Amino acid sequence: MSDAGFTIKNNMLKLIKINKSFEQKKGLNKQKIKVLTDVSFEIKQGDVLGLVGESGSGKSTLGKIIVGLESQDQGTIVFRGQALSSPRKARPLEMQMVFQDPLASLNPRHKIQTILEEPLKLNTNYSESKRKQIVKKWLDIVKLPQESLNRYPHQFSGGQRQRIVLARAFILEPKLVVLDEPVSSLDVSIQAQLLKFLQHIQQIKKMTYIFISHDLAVVKYLANKIAIIYKGHIVEQGLSSEIFIHPKHPYSQMLLEAVPRLGRPIKTFGFSLDSSTPKDYLCPFETHCRYRAYICSQKPPPWQKISPTHGYACHRGG
Ligand SMILES: Nc1ncnc2c1ncn2[C@@H]1O[C@H](COP(=O)(O)OP(=O)(O)O)[C@@H](O)[C@H]1O
Ligand SMILES: [Mg+2]
């Protein structure tokens, strides 16, 4: 295979300056709220990128933009070497998204057999027996008994339901899966099991994940790369080891000061997106930052690279 071929294959996803605003009602008026500002990152096949940030920071919106459930206002998404249209013409089957609440994403009137077989029916021309065989295989992989096929979603626990959702997301063998807080609605003991399982599938199938979480401990377990998002800005990104050992951005440092434990959400600073940052090109963390300096209110923070893989947006040096 040529080098170029390898590069395209190896580069799974590249985001270039994604921007997104929403109109929101404020009293009788509508106002535009900037939810994502110049979000850029790149991931390779087999990477697990942990996208970490507090509630309202734009994580789910970014996930939906990546899989094509929302469209960006500006910016480019390159998937396996190809720029994707916005809005998407077709939903790429090679990308799937799993949401936090498994019950909301399963049709309560359908048996598990129907739920799992549906993506195969719609998107392949496999025979019925082949479809049934694949469904059985995935039920095994997610460690649910074969009797589950004749049951309905409400007959399962939260953790089991999330396994069903995962089996459905994985059944077409996507290249990239956006997991949007997939374990947050579950008990801590179940979370650990499901994380192990997600790691197992990732390894056996060499999958690429974008793992969205507000919980650093969850991300630490799975991710080899981390991007930290604050008010729709990526403020720092790097390898997991770099971020956990040498966080550079003051916001990342604050997040990491509390030793993360499974199930404990990260600190929040009580922001609302429409206040405190008058100009979206300035540092979003300025008003909360303990190192705040005059320059922070004057100039956008530079992206400082401290290794080929690790960078952060801040005026403050080393
Ligand atoms: N469809 C929408 N219409 C208007 N505002 C939205 C919409 N979706 C998200 N938002 C707003 O965008 C911001 C980011 O939301 P979201 O991406 O869900 O953040 P997170 O997943 O990090 O909690 C929030 O202020 C939210 O209210
Ligand atoms: Mg969310």
Side-chain angles (χ1 to χ4, degrees), residues 15 17-41 49-75 77 86-88 95-105 158 162 165-166 169 177-186 191 194 198 209-219 222-223 226-237 249 251-252 254-255 260 263-280 284-285 287-288 313:
L15 305 188
K17 298 206 169 202
I18 302 294
N19 283 268
K20 177 76 178 174
S21 300
F22 283 119
E23 282 212 327
Q24 286 186 348
K25 272 193 185 156
K26 197 179 182 192
L28 291 174
N29 300 321
K30 278 187 180 169
Q31 68 174 137
K32 265 205 161 178
I33 296 187
K34 192 81 192 276
V35 177
L36 296 170
T37 302
D38 285 347
V39 171
S40 300
F41 59 71
L49 174 80
L51 179 63
V52 185
E54 59 200 72
S55 176
S57 54
K59 305 181 299 296
S60 296
T61 303
L62 185 60
K64 287 179 196 162
I65 288 175
I66 290 169
V67 302
L69 293 171
E70 287 273 6
S71 48
Q72 68 270 33
D73 302 332
Q74 286 162 34
I77 300 178
S86 175
R88 287 299 148 80
M95 294 186 194
Q96 291 289 327
M97 185 158 178
V98 170
F99 296 94
Q100 179 174 353
D101 179 3
L103 199 52
S105 35
Q162 196 61 306
V165 170
L166 291 171
V177 182
V178 176
L179 298 150
D180 189 359
E181 314 234 13
V183 301
S184 319
S185 69
L186 307 173
Q191 286 190 11
L194 213 65
L198 280 167
Y209 289 166
I210 295 180
F211 192 99
I212 295 176
S213 184
H214 62 272
D215 189 334
L216 274 167
V218 167
V219 159
L222 272 177
I226 308 260
I228 297 194
I229 185 168
Y230 185 75
K231 287 193 196 179
H233 295 243
I234 303 280
V235 296
E236 181 159 3
Q237 51 178 300
H249 195 281
Y251 177 62
S252 318
M254 281 177 79
L255 288 184
R264 183 163 70 189
I266 60 179
K267 285 189 205 168
T268 59
F269 301 102
F271 67 77
S272 67
L273 275 166
D274 54 345
S275 63
S276 69
T277 311
K279 300 196 173 85
D280 69 29
F285 194 54
T287 50
H288 294 287

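Each ligand, and each atom within it, is numbered from 1 in the order the structure gives. Computed from a prediction, not measured in an experiment: that's the story for all the values here.
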Visitor: Checking D101 against S185: is there a side-chain donor and acceptor pair closer than 3.5 Å?
Guide: no

Visitor: Using 0.5 Å steps for rounding, measure from the CD1 atom of I66 to the CD atom of Q72.
Guide: 10.0 Å

Visitor: Spell out the protein N/O/S atoms under 2.8 Å from the Mg ion (ligand 2) as residue plus atom name.
Guide: S60 OG

Visitor: Can you measure from CD (Q191) to OG (S184) and round to the nearest 0.5 angstrom?
Guide: 6.5 Å

Visitor: Backbone or side chain, does any N or O of E23 fall under 3.5 Å from an N or O of ligand 1?
Guide: no

Visitor: Does any N or O atom in G56 lie less than 3.5 angstrom from one in ligand 1, N or O only?
Guide: yes

Visitor: So, the side chain of N19 versus the backbone of K17: is there a donor-acceptor pair under 3.5 Å, distance only?
Guide: yes

Visitor: Do any nitrogen or oxygen atoms of F22 lie less than 3.5 angstrom from nitrogen or oxygen atoms of ligand 1?
Guide: no

Visitor: I'd like to check which ligand 1 atoms, numbered from 1 as shown, lie under 4.0 Å from a non-hydrogen atom of T61.
Guide: 9 (C), 15 (O), 16 (P), 17 (O)

Visitor: Which atoms of ligand 1 have any heavy atom of E54 under 4.0 Å away?
Guide: 22 (O)

Visitor: Which value, rounded to the nearest 0.5 Å, describes the distance between Q74 atom CD and S21 atom OG?
Guide: 8.5 Å

Visitor: Record the part of V35 in heavy-atom contact with ligand 1 below 4.0 Å; permitted values are side chain, backbone, both and neither.
Guide: side chain

Visitor: Fit a plane to each ring of H288 and Y230, take the angle between them on a 0 to 90° scale, and name the class: parallel (under 30°), tilted (30 to 60°) or perpendicular (over 60°).
Guide: perpendicular

Visitor: Considering the options L166, I212, L198, which one meets the side-chain contact (heavy atoms from CB on, under 4.5 Å) requirement together with V98?
Guide: L166

Visitor: Do you know which two heavy atoms are closest between K59 and H214, and how far apart they sit?
Guide: CE-N, 4.5 Å

Visitor: What distance do L36 atom CG and D73 atom CG have between them, rounded to the nearest 0.5 Å?
Guide: 9.0 Å

Visitor: Mind checking whether G53 has a heavy atom under 4.0 Å from ligand 1?
Guide: no

